[in-house]
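What follows is a single structure, written as structure tokens, with notes after it.
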Amino acid sequence: MINRAVPASPSAVDVLVIGAGPAGSVAAAMVHKTGLSVAVVEREQFPRFVIGESLLPRCMEVLQDAGLLDCIKAKGFQEKFGAKFIKGDAVSDFNFSEQFTDGWKWTWQVPRAEFDLALIEEVARRGVPVAFRTTVQAIDFHADESSTTTIERPDGSIATINAKFIIDASGYGRVIPRLRGLDRPSTLEPRKAVFAHMQDPKRLAFDEPNRIVILCMAPGVWVWVIPFSNGITSVGIVGAIEYFDQFGESVTEQFRGLLGAHPYLAGRFADQPHVWEPKSLQAWSATTDTFFGPGFVLTGNVTEFLDPIFSSGVMFATVSSHLASGLVIDKLAGKAVDWQQQYTKVVQQGVDTFRTYVNRWYDGTLETLFFAKEPNLDIQRKICSVLAGYVWDTSNPFVANHDAEVARVARIVKILERGAGRDAANSVAG
């Protein structure tokens, strides 16, 4: 375990990483293995709770390249092989082994407090200084793109860290965007989540545990059910903020009321205790004016956080940090880096693809595809690759032309299910 006392932060490093979550751990691991000096500062004390407990297979190659896969395997987390969507009696089951893109076929479902701690402990074990309960007060960027960061330590003392470059992986903390006024509102509608960890002794009577289950509860309202290997299951309900008011005033009343309002949830969880009092989170989506600047790059949720529906948070955190750290290494080696083309454009491709799927989930378009009466297996495979996080595979038309392709195929499905015939469907397809 990491020493809970905060170690002395170095006064100068090649790279300063802000944030010790998955994005920060990947960035620090990648920089450290090249021989550059790196330090991590983190506002919170780990372990700490955070949502985003269902990973995507695209994360796995990043963890492997960063040398962080074995420390997670050793934890015995619940393996995840797919995602199951349920609406009434209809089931749409995606198995990652049947995806279109050649990539990892599985990943994990993890209590994030344990997962994040395992990653940063491995980074610290390699000799990277990690300072918890340390807040960034100010950052002064110099003409040569180096910087001086002023930090406050847990005892209230002030120190500075000089760095040649900063990777801001601060997640919801959004350190550099807030310091430099880069935040701007997301185009997504604000929503609320009410969630808890539950005792789940009935899980085998309902579902196999090695996949996330998404329940369609009402238009625009859905439920995540994420079983962990320790017998606990994460349950969360997401919907418009005002939707929850009908179930009570307190978060606990709302959570318990919602469990009783859906037959699946009532049968599996209504008589089970929650591990801790239910929590809520709302209006989480945010973005920034830029993903980089002279002397810094933003990674993970600092770039843009969309929505929890497709579990993309940790995937974007790890993939963006993996890409950014490689470019930082190149820059410090004297190589030319085009941050707009090599970083922003690449990250934005993935974000825009998932934004389409988020929007089409909430407007009901994806339900048309997921719960088609006669599902097309080729379409399912291509959508499965998106759900696995392979949103940079532009050989997949559901990535390359994501919005147009989803809308086009949904129109075909609706025509066929209305009985309009193949000719009408082929006309739309053409």
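Between Thr148 and the choices Leu16, Ile161, Thr160, the side chain to side chain contact (heavy atoms under 4.5 Å, CB included) rule is met once, by Thr160. Exactly one of Trp224, Trp222, Trp361, Phe371 qualifies for a ring pair (Phe, Tyr, Trp, His ring centres under 6.0 Å) with Phe85. That residue is Trp361. Under the side-chain hydrogen bond (donor to acceptor under 3.5 Å, both in side chains) test applied with Arg133, the options Glu44, Gln45, Glu42 reduce to a single match, Gln45.
The 12-atom threshold is not exceeded at CD of Glu249, counting heavy atoms of other residues, nucleotides or ligands nearer than 6.0 Å. Other residues, nucleotides and ligands place more than 12 heavy atoms under 6.0 Å from the CG atom of Asp245.
Gln349 contributes a side-chain N or O that, together with a main-chain N or O of Val391, makes up a donor-acceptor pair within less than 3.5 Å. Listed for the Asp168 side chain is a donor-acceptor partner under 3.5 Å among the backbone atoms of Ile176. In this structure, the side chain of His262 engages the main chain of Tyr264 through a donor-acceptor pair within 3.5 Å. At least one donor-acceptor pair under 3.5 Å links the side chain of Trp392 to the backbone N or O of Val346. Side-chain atoms of Ser320 come within 3.5 Å of backbone N or O of Phe316 as a donor-acceptor pair. Judged by distance alone, with hydrogens and angles left aside, the side-chain atoms of Thr318 form a donor-acceptor pair with the main-chain N or O of Val314 at under 3.5 Å. With hydrogens and angles ignored, the 3.5 Å screen pairs no side-chain donor or acceptor of Glu122 with any backbone N or O of Leu119. Put simply, the side chain of His32 gets close to the backbone of Arg126: a donor and an acceptor are under 3.5 Å apart. Put simply, the side chain of Arg112 gets close to the backbone of Ile51: a donor and an acceptor are under 3.5 Å apart. No donor-acceptor pair closer than 3.5 Å links the side chain of Glu367 to the backbone N or O of Gly364.
Residues Val235 and Leu259 meet the side-chain proximity criterion, which asks for heavy atoms closer than 4.5 Å. Within the 4.5 Å cutoff, side-chain heavy atoms of Leu281 are placed close to those of Phe195. Here the side chains of Gln109 and Leu55 are not in contact, with every heavy-atom distance at 4.5 Å or above. Between Phe292 and Gln340, the closest side-chain pair of non-hydrogen atoms falls below 4.5 Å. Using a 4.5 Å cut-off on side-chain heavy atoms (C-beta onward), Pro190 and Ile241 make contact. Counting only heavy atoms from C-beta outward, the side chains of Asp14 and Phe165 never approach each other to under 4.5 Å. Residues Trp106 and Trp104 are in side-chain contact: their nearest non-hydrogen atoms beyond the backbone lie under 4.5 Å apart. Inter-residue side-chain proximity for Arg191 and Tyr243 is flagged as unmet; no heavy-atom pair is nearer than 4.5 Å.
Distance OH/Tyr390 to CD/Glu61: 4.0 Å, rounded to 0.5 Å. To the nearest 0.5 Å, the span separating CZ on Arg58 from OG on Ser385 amounts to 12.0 Å. Once rounded to the nearest 0.5 Å, the distance linking CZ of Phe81 with CD of Glu208 reads 9.0 Å. Between atom CG of residue Leu327 and atom CG of residue Leu332 there is a gap of 11.0 Å, rounded to the nearest 0.5 Å. Taking CE of Met198 as the start and CZ of Phe228 as the end, the distance is 12.5 Å to the nearest 0.5 Å. Interatomic distance, OH of Tyr357 versus CD1 of Ile309, reported as 13.5 Å (0.5 Å rounding).
Across all their heavy atoms, Phe46 and Gly21 have their closest contact at CZ-N, 4.1 Å. The minimum heavy-atom distance between Ala23 and Ser321, with the atom names listed, is O-OG, 2.8 Å. The minimum heavy-atom distance linking Ala28 with Val38 is given by the pair O-CG1, 3.9 Å. Residue Ala113 comes nearest to Pro47 through the heavy atom pair O-CB, 3.8 Å, listed as atom of the first residue, atom of the second, then distance. In this structure, Ser311 and Ser54 approach most closely via the heavy-atom pair CB-O, 3.1 Å. Shown here for Ser37 and Val31, the closest heavy-atom pair between the two residues is O-CG1, 4.5 Å.
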message: Please evaluate residues Val251 and Glu277 with respect to the criterion side chain to side chain contact (heavy atoms under 4.5 Å, CB included), reporting the C-alpha separation (whole Å), side-chain torsions for both, the decisive distance (0.1 Å), and the verdict.
response: CA-CA 8 Å; Val251 173; Glu277 285 297 312; over 6 Å; no
query: Given the rule in the salt bridge (Lys or Arg N to Asp or Glu O under 4.0 Å) test, do Glu405 and Lys382 qualify, once you have shown the distances and angles that lead to the verdict?
result: CA-CA 11 Å; Glu405 192 69 6; Lys382 290 171 180 174; over 6 Å; no
field: Working for side chain to side chain contact (heavy atoms under 4.5 Å, CB included), residues Ile151 and Gln137
entry: CA-CA 5 Å; Ile151 59 172; Gln137 300 296 306; 6.0 Å; no
message: Checking Arg360 against His402 for the side chain to side chain donor-acceptor pair (under 3.5 Å) test, could you report, in this order, the C-alpha distance in whole Å, the side-chain angles of both residues, the deciding distance, and whether it holds?
response: CA-CA 10 Å; Arg360 296 298 164 253; His402 41 89; over 6 Å; no
task: Start with the C-alpha distance between Leu369 and Gln380, add both sets of side-chain angles, then the distance that settles side chain to side chain contact (heavy atoms under 4.5 Å, CB included), and finish with yes or no.
output: CA-CA 8 Å; Leu369 298 182; Gln380 281 192 317; over 6 Å; no
- request: For salt bridge (Lys or Arg N to Asp or Glu O under 4.0 Å), just list the numbers for Asp65 and Lys33, CA-CA rounded to whole Å, side-chain angles, deciding distance to a tenth of an Å, and then say yes or no.
  value: CA-CA 10 Å; Asp65 193 40; Lys33 76 176 187 176; 3.6 Å; yes
- prompt: Please walk me through it: do Phe244 and Leu258 pass side chain to side chain contact (heavy atoms under 4.5 Å, CB included)?
  reply: CA-CA 8 Å; Phe244 295 85; Leu258 285 156; 3.5 Å; yes
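Geometrically, Arg48 does not engage Phe132 in a cation-pi contact defined by less than 6.0 Å to the ring centre and at most 45° from the axis. A cation-pi contact, defined as under 6.0 Å to the ring centre and within 45° of the axis, is absent between Lys87 and Phe370.
Ring centers of Phe141 and Phe296: under 6.0 Å apart, within the cut-off. Ring pair Phe100/Phe398: centre-to-centre distance not below 6.0 Å. Annotation: Trp108 is not in aromatic contact with Phe115 [ring centroid separation under 6.0 Å not met].
A salt bridge between Arg125 and Glu121 is absent, with no side-chain N of the basic residue lying under 4.0 Å from a carboxylate O of the acidic one. One finds a salt bridge joining Asp271 and Lys202 here, because a Lys/Arg side-chain nitrogen approaches an Asp/Glu carboxylate oxygen to under 4.0 Å. Under 4.0 Å is where a charged nitrogen must lie from a carboxylate oxygen, and between Arg355 and Asp403 no such pair does.
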